[in-house]
Amino acid sequence: MPDGHSSSDRAPRVRIAPSPTGDPHVGTAYIALFNRAFANAEGGKFLLRIDDTDRSRYQADSEAQIFESLRWLGLSWDEGPDVGGECGPYRQSERLEIYRQKAEQLLESGAAYRCFCTPERMAELREQQKAAKQDPGYDGHCRDLPQSTIDERLSAGTTHIVRLRVPDTGQTIVHDELRDPIVFENERIDDQVLVKSDGFPTYHLANCVDDCAMGVTHVIRAEEWITSAPKHVLLYQALGEPLPKFFHVPLLRNADKSKISKRKNPVSLIWYRDQGYLPEALLNYLATLGWRSSDEREFFDYDFFQSNFRPADISLGGPVFDLEKLGWLNGMHIRALDPSDLRARLERDGFLSGVSEDGLRAIFPLVSERLHLLSDFVQLTSWYFGEPDEYNAEDLLVKKRTPEETRETLDQAEAAFAGFDAYDSESVEAFLEQCRVEWGLKKPHLFMPIRFALTGRRETPPVNDVIAVLGRERVVARLHAAKNKFC
RNA sequence: GGCCCCAUCGUCUAGUCAGGCCUAGGACACUGGGUUUUCAUCCCAGCAACGGGGGUUCAAAUCCCCCUGGGGUCACCA
């Protein structure tokens, strides 16, 4: 319960706090996965809080996309803007009054102070510090303004911000569950802005206040937050709140090891869905980036992950995101689906427009093991739902066979299948073999021309299956058309 | 650059906490082979790593130190 005394021996409460500033990010899913699995395994709660305190980067449709993407992945939340919960509201822009009160409290206790420095002065300061090769940071200009000056400026309505008063001596230690204690010298910690001049809180204030108010017990977040963690520790202390347990998870990386980015890697969850990645495959892959079960298996479902995952087991090397391996896992998961399930996925993700039920049932077995992405389905089955690919007479030629011989074979095949009526895989296979022996042909010399005639391509399911699924009418017509390529 | 984090095959990792069982295991990718009418699936085999240097120890991938390398962060963005 969010009573201000949450401790880790009670049911954990964890959260993710994405910003609605663009496409839903794969890194958000990565962190969400760890948080949700941990909370659910421990009988705790997983909360979703929208961190929309930056008005300039706010994108109206982003929030809905975050919801949709996370739901697509199955990473649902127990409390959040759209599902409610006892600690709402869960959108930070709707909690301004709370932050205002907390800021006031910090001001009164002296843990924070009002700063009237203009952006111009700050820019100038930065220039000077840069020129003097000093560390950039606030110089404390407004740290100890006399009360009379403050009152004067306030009554004049001078715009200002609120900063955290960081002690200039001593150290702040961040206890991260995955690492040794991290020691920061207070003199190197900047007086962090807590309230911006537009009255909105910064991430630092809003997050600490909310995590306290929402009873968050474990903060599992990206490693990029380590440097600001001491500021958060100081804030918790100033607020008089107990510290959560911190787990800073390594960042996903591009192939060059830099932090994963849009320019070097697909990062939008929408992209993964549109490409035909299965949610369980993406989740499975993300889970293997930094975690391994004791039996080292790499192919598993969410339930397995949830019941075996321990946050403390997360490894610390920054994992390179490898689409190649994700693709392998995706194929594995596709092959693990039963036909009706696979059909449902294809349908849901829009890869099945105008395809009949019967047609699907027939073609499924032939392509399921050839799919790496759901989107492959369209190309893999175009010869079945449509016409063969365009091809030339030369394409029908198997090495060392002349056009005359090939035409003869196609002609024989056309006649044979016109008079054949058992269009099932086994019967066709037997019939083909019978013809082959009768006509004295090597397998490739018979199968390849037929394959090409029926599909217009070299790589297809077994020819007998293609024939069976196409049926007499289409088989005969396509063999006929192929034969005529030589006229 | 300051501060902070990290460091096993090309990539994801097991092994590190409790040093010997590690001539370092698995997976992806790659290469070769098998099955086979093509492709795919599947099976078998191969390639390939403890970043470097000092310690401690009978013994170090494992513990300590230095170096190097990589990453993050230094906003009135999150």
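Excluded from the calculations below are hydrogen atoms, water molecules and symmetry mates; all remaining heavy atoms, backbone and side chain alike, are included. Please read all numbers here as calculations on a predicted model, not as lab measurements. Here is the naming used below: chain letters follow the sequence lines, and residue numbers restart at 1 for every chain.
- Nearest heavy-atom pair, A:N330 versus A:H372, reported as atom, atom and distance to 0.1 Å: ND2-O, 2.7 Å.
- Residue-level contact check: A:V463 touches the bases, meaning some heavy atom is under 4.0 Å from a base atom.
- A:R335 comes within contact range of the sugar-phosphate backbone alone, with a heavy-atom separation under 4.0 Å but no base atom that close.
- Among the heavy atoms of the strands lying under 4.0 Å from A:E296 is at least one base atom, whether or not backbone atoms are also near.
- Once rounded to the nearest 0.5 Å, the distance linking CD of A:E429 with CD of A:Q434 reads 13.0 Å.
- Between A:F420 and A:F431, the angle of the ring planes stays under 30°, which puts this pair in the parallel group of the 30/60° scheme.
- Contact annotation for A:E223: backbone-only contact, meaning every heavy-atom pair under 4.0 Å involves sugar-phosphate atoms and none involves a base.
- Taking atom P in both B:U16 and B:C21, the straight-line distance is 12 Å, to the nearest Å.
- With sequence neighbours excluded, the residues that form a ring-ring contact (aromatic ring centres under 6.0 Å, His included) with A:Y391 are A:F452.
- Taking the C1' atom of each, B:C4 and B:C12 are spaced 25 Å apart, rounded to whole Å.
- If you check every strand for non-hydrogen atoms under 4.0 Å, A:G290 touches sugar and phosphate atoms only.
- Residue side chain A:K325 reaches the base of B:A27 through a donor-acceptor N/O pair under 3.5 Å, judged by distance alone.
- Contacts with RNA chain B (heavy atom under 4.0 Å) in residues 423-447 of chain A: A:K443, A:F447, listed by number.
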- Quick one: what's the B/S/- string for nucleotides 73-78 of chain B, heavy-atom cutoff under 4.0 Å, read 5' to 3'? SS-BBB

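- Residue-level contact check: A:R451 touches the bases, meaning some heavy atom is under 4.0 Å from a base atom.
- A donor-acceptor contact under 3.5 Å is not formed by the side chain of A:R188 with the base of B:C3.
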